[in-house]
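Here's the structure, in structure tokens; my notes come after.
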Amino acid sequence: MRTKFAPINYDYFDYQGRNYAILIGRDDAGKRLCVIDSCDVYLWAVLEENLNKKNIDNLIKKISKIKLNVKGRNTKVEKVELHKKRFLDKDVKALKIFATNYKDLHDIASCLKLDGITKRRGHDLGYITHYIIEKKIEPLKWYEIEGEFLNNSLEFGGIDMAYETTTCLKLNKSKEIKSEKFNPKVLAYDIETDSLKIGEGEILMVSLVGENFQKVISWKKTKNPQKYVEFVEDEAELLEKFIEYVKEFSPDILTGYFSDGFDLPYLKARADKHKIRLNLGLDNSQPKFSRGTSITGKIKGIVHVDILKFIRTVYAQYMQSETLKLNDVAREFLGDTKKEFDAHNLKGEINWKDFYEYNLHDSVLTLALFEKFWPDMLEFVKTIKEPLFSLSRAGLSKYVDSYILHNLENYNEIPERRPGYDETNERKIQRKVEGAFVFEPKPGLYNNIAIFDFTSMHTSIIISMNISSSTLLEKPQKSATNIEVGDKKYYYSKEKGFFPKLVQGLFEQRKKFKTEYKKNPNIFTKARSNAFKVLSASIHGYIGFFGARYYSREASASILAFVRKFNKETIDKIQKEGFEVIFGDTDSVGFLINKKNKPEIKDFLKKLNSELPGIMELELEGFFKRGLWVTKRSGKTGAKKKYAIIDEKENMKIRGFETVRRDWCKLAREIQNRILRKILIEGNEKKSLEYVKKIIKKLKDREIPKEDLIIRTQLKKELSEYIAQGPHVVAAKKMKAQEIPIAQGGLVEYFIAETKEKKKLVRDGVMLPHEKANYDIEYYLKHQILPAIENIFQVFDINITELVEGKKQMTLKDF
DNA sequence: ATATACACGGATCCCCTATTTCC
DNA sequence: GGAAATAGGGGATCCGTGTA
């Protein structure tokens, strides 16, 4: 039979010792299909350079005879071929060694420690990645396929019968076709429990939300519930009903928010308790949880997506919100928030109807978030060619790694291996490479500033200077690009390496899709542009990441040395042109334009650009009306990575100041923000002083609401791991004692209260938000407000601390 | 385990010295 | 008068969170 098909979920199974890929997806009528296919499995053995034909033939003969029995499985070398390949930019002869079962490639590789073989590669990709590379059947793309029905057949041990509700096909042929976007069927879910510890409480209700589908199932009954609420007798029945509805809806994707870490394991634990099979899988199997630091829940045939993980990988660093809680993320991306309901305080009277609504709305938000990020996930899946499941769990290094692996054959390259345990540790303990250059600013308030910055600086250096692990030359060459790193000098080949070429491809596509987005802005062009932007920006981080296949400390150090060199040279050139440089950090430079007009500055920029090599480019970030730089808290030197600027339209950009830091209380942040704004708009500090006086009076009169005094700090490690007992550690301990849930990664909230004892330590005054106590006026004045504004007034030669404290008598009236 | 380095700044830790307290 | 306790100064370190 012939049909259209888009694969969503990839899995594999063994039958008679061989591997088969099992692809679950949809046809163009929306019907679910299960496609079974196989591919050659092999690894590469790179040969010594000077082997003659006879040596090679002997080697092939020897290898062809390898037979193994691993865990009761017979596996053998089935075929050996000699190929001309490239490995790390060198021409090599390599043997392609085919074997029976992918899982045995490691054992085959151990048999290949033979004379004449220098490297064994390509057996650590994972079967699914290997399959996609081999067969080019990529996730979420459309194919026209031909195959044979498996109708209760015994082929493959009757696997089609396990997938009883699904049509199964054995694939014969496939061809990619251009077609509409793929629209998956998505179901979001969320549970509410009376204890947050996995499996320790009871599941009170569960909500399910999909297209035209809203359901809350609960055994906590009340009169006149909402239409979407369905009652069951007890928790066991709730679980059964949940399974039933998931099966009935039959989603491609089941999504939750933090569902890997909470909802799915909870459901499984409670099902186990009631001896119910949580048979959500299309083959009626139960979810499987991977071990490791963070749990991952996998359901056969359905892609379980914990949307939180994708957001954390791709968006967290660009987000405004200070936590990744559903409420904050929904507010930022959807403009919607959770329903008001204290689900953690279930003592006393519970308004169940509110609770149902709260539960439903969490799923509504989760689905909305999924839909919001679906274009992004789709584009990433297509770009890195890995299935949605692995994409949604991977970090940026995995994204880059996958992109490289799936593009290697364009360069006839044999893949490099993942570093082993020892190698990883060795890389970790290496001294850090020197990073970027940061110019020390001269504190002050300045007018008319221009800022230049390099476009994708690290990436364009990799491309322009041909930097990678394999283009690094062992010996100096006269014509080669070279760069001094410390007391060493590294040389890079003139001949373009596959890695820089691959990065160039990425970079050019990034430019192309950015243009496409600007011409035709919609969510899909935006997502595509963003996917390439994120990937392109992650390359340098990848090279310096200890787990990377193409890790190179030398390359990373060289890139950073070039970053410093170009930044310093640019600063030099700008100064030589007669401008005063105010700040510079990594890839940007800010300077005073003085009497020069904008076209003159732009001409100057053109001149600078004409002197840059390769694809490197300096661009105008903008003209700014005014900017403020302050001193460090200690000493008189200018503080780096801390400034506030304002453009002609009075858009303010604040970097590094306490205003943008979540571990300062709202009061301090707001005062600082208002002061910065007043100063930047008016060009002086007069009105700000008045404002500060007003606030300090309010503070002293205890008129500041407690909410503005709450300090939020993340608990980065386990409580027991802390050496220093800082205020947030003490607060977390208090929470534990009061049975308020707090775990590693959670946000701790507290305020500082007056204490009777002659206090020395801040932590002695730590109080949780709900605790009743008088806030410590002195602490908030000396440790929050003054530190936040002191350096700003310092610029105008005003000692605000002295004004407030030192001359109390004189200023009593003022304050 | 899951991209990098640079930087700020609060709070505690820890050592030292001077001063106070105790017997 | 001498030993022990205490205060406080200051650098080192821990820690979290920014910028790029």
(Q) Between the side chains of A:Glu670 and A:Arg674, is the shortest nitrogen-to-carboxylate-oxygen separation below 4.0 Å, so that they form an ion pair? (A) no
(Q) Just the rounded figure in Å: distance from P of B:dA3 to CD1 of A:Ile539. (A) 13 Å
Q) Is it the case that A:Lys298 places NZ or CZ above or below the six-membered ring of A:Phe389, under 6.0 angstrom from the centre and within 45 degrees of the axis? A) yes
Q.
Quick check for you: to the nearest 0.5 Å, what is the distance between A:Phe507 atom CZ and A:Leu502 atom CG?
A. 14.5 Å
Q: Please state how far atom CD in A:Glu434 lies from atom P in B:dC6, giving the value in whole angstrom units.
A: 7 Å
Q) What's the closest nucleotide to the A:Phe545 side chain, out of C:dC14, B:dT2, C:dT17? A) B:dT2
Q.
Of the options B:dC8, B:dT12, C:dT17, whose atoms approach the side-chain atoms of A:Lys642 most closely?
A. B:dC8
Q: Grab the CZ-P distance between A:Phe439 and B:dA7 for me, whole Å please.
A: 13 Å
Q: Find the distance A:Tyr551:OH to B:dT4:P and express it as a whole number of Å.
A: 9 Å
Q.
Can you tell whether the side chains of A:Lys640 and A:Asp585 come within less than 4.0 Å, N to carboxylate O?
A. no
Q: Under 4.0 Å between any heavy atoms, over every strand shown, what does A:Val433 touch: base, sugar-phosphate, or nothing? Just pick one.
A: sugar-phosphate
Q.
Check this for me: does any side-chain nitrogen of one of A:Glu569 and A:Arg564 sit under 4.0 Å from a carboxylate oxygen of the other?
A. no
Q: Look at A:His728 and C:dG16 and indicate whether a side-chain polar atom (N or O) is within less than 4.0 Å of OP1 or OP2.
A: yes
Q: Output yes when at least one side-chain N/O atom of A:Tyr722 is less than 4.0 Å from OP1 or OP2 of C:dG16, else no.
A: yes
(Q) Using a 4.0 Å cut-off on heavy atoms, which residues in residues 654-674 of chain A reach DNA chain C? List them by number, or say none. (A) A:Ile654, A:Arg655, A:Gly656, A:Val660, A:Arg661, A:Arg662, A:Asp663
Q) Per the side chain to side chain donor-acceptor pair (under 3.5 Å) rule, which among A:Gln744, A:Arg662, A:Glu322 passes with A:Gln714? A) A:Arg662
Q. Can a side chain N or O of A:Arg763 be found less than 4.0 Å away from OP1 or OP2 on C:dC15?
A. no
Q.
Over all strands shown, is A:His458 touching base, sugar-phosphate only, or nothing at heavy-atom distances under 4.0 angstrom?
A. nothing
Q: Take the protein atom CZ of A:Arg633 and the nucleotide atom C1' of B:dA11, then report the distance between them rounded to whole Å.
A: 13 Å
Q.
It should be established whether A:Tyr550 places a side-chain nitrogen or oxygen under 4.0 Å from OP1 or OP2 of nucleotide B:dA3.
A. no
Q) Between C:dT17 atom C1' and A:Leu715 atom CG, what is the distance in whole Å? A) 15 Å
Q) With a 4.0 Å cut-off on heavy atoms, is A:Tyr643 in touch with a base, just the backbone sugar-phosphate, or nothing at all? A) sugar-phosphate
Q: For A:Gln725 and for A:Leu396, find the nucleotide of DNA chain B with the closest heavy atom, then tell me which residue's nucleotide is more 5'.
A: A:Leu396
Q.
Using a 4.0 Å heavy-atom cut-off, does A:Thr713 contact any base of the nucleic acid, only the sugar-phosphate backbone, or nothing at all?
A. sugar-phosphate
Q: Mind checking A:Lys398 for me? I need base, sugar-phosphate or nothing, with any heavy atom below 4.0 Å counting as a touch.
A: nothing
Q) Base, sugar-phosphate, or nothing: which does A:Lys717 touch, judged by heavy atoms less than 4.0 Å apart? A) sugar-phosphate
Q | Short side-chain N/O contact to B:dA3 OP1/OP2 from A:Ser397, under 4.0 Å | A | yes
(Q) For C:dG18 and A:Lys641 - does any side-chain N or O of the residue sit under 4.0 Å from the phosphate oxygens OP1/OP2? (A) no
(Q) On DNA chain B, compare the nucleotides closest to A:Ala639 and A:Pro727; which residue's is nearer the 5' end? (A) A:Ala639
Q.
For A:Thr459 and A:His540, which I'm curious about, is there any donor-acceptor pair between the side chains at under 3.5 Å?
A. no
Q | Cationic N near anionic O, under 4.0 Å, A:Glu379 to A:Arg528 | A | yes
Q. Hey, does A:Gly541 reach any base, or is it just sugar-phosphate, or nothing, if we go heavy atoms under 4.0 Å?
A. base
Q. Think A:Lys640 has a side-chain N or O under 4.0 angstrom from the OP1 or OP2 of C:dG18?
A. no
